[in-house]
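Keep in mind the model is a prediction, meaning the values are calculated, not measured.
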Amino acid sequence: MLQKPDKNISRMKRHSRVRKNLSGTQERPRLNVFRSLNHIYAQIINDETGTTLVSASTMDKEVGAMLNYGGNINAAQAVGKTVAERALAKGISKVVFDRGGYLYHGRVAALAAAAREAGLEF
């Protein structure tokens, strides 16, 4: 009997294929997205130095206080807006978007749209 492929393994394969060619620099750091069932996380990373410059997630107190549940589109929009505001405060306006192997749909697309609306350019 054939087994159904594990979605996370497929996602990790897609992610590694994309990451071969995608990297964050000092001028254009990488906006990485990770989503779990109950939360969504976003980080802006400089891959040259291996440091996280800015991060936001539904686990943050100020973001989580606005939400009832961290695993929906409203939560993704709040995280996108927050990470963009924090990035702009640090002088980061241009980023490279790394969807983490997820399809550009639903929560991932909502986070990206909210970050763009708040002033990030990618």
Any link between [X] and [Y] through a network of hydrophobic side chains (Ile, Leu, Val, Met, Phe, Trp, Tyr) touching at under 4.5 Å?
X	Y	answer
L111	I45	no
V83	L88	no
Y102	I40	yes
V63	L120	yes
Y104	F34	yes

For a 4.5 angstrom cut-off between non-hydrogen side-chain atoms, does [X] reach [Y]?
X	Y	result
S16	K20	no
R30	R19	yes
V108	F97	yes

For residues [X] and [Y], report the shortest heavy-atom separation together with the two atoms involved.
X	Y	result
S55	T52	CB-CG2, 4.3 Å
A84	A115	CB-O, 3.6 Å
R14	G101	NE-O, 2.7 Å
N46	G24	OD1-O, 3.8 Å

I'd like to know if the side chain of R107 and the backbone of I73 have a donor-acceptor N/O pair within less than 3.5 Å.
no
Taking V54's backbone N and O only, do any of them form a donor-acceptor pair with K90's side chain (distance below 3.5 Å, no angle check)?
no
Quick check for you: to the nearest 0.5 Å, what is the distance between [X] atom [atom1] and [Y] atom [atom2]?
X	Y	atom1	atom2	value
T58	R35	OG1	CZ	13.0 Å
N68	N74	CG	CG	9.5 Å
L31	I44	CG	CD1	5.5 Å
D47	D98	CG	CG	8.5 Å
I92	R86	CD1	CZ	12.5 Å
N32	Y41	CG	OH	12.5 Å

Please step through side chain to side chain contact (heavy atoms under 4.5 Å, CB included) for the pair V96 and F122, ending with a clear verdict.
CA-CA 6 Å; V96 178; F122 52 94; over 6 Å; no
Count the heavy atoms of every other residue, nucleotide or ligand shown that sit under 6.0 Å from CD of E117, and state whether that count exceeds 12.
no
So with a 6.0 Å cut-off around CE of M66, is the heavy-atom count from everything else above 12?
yes
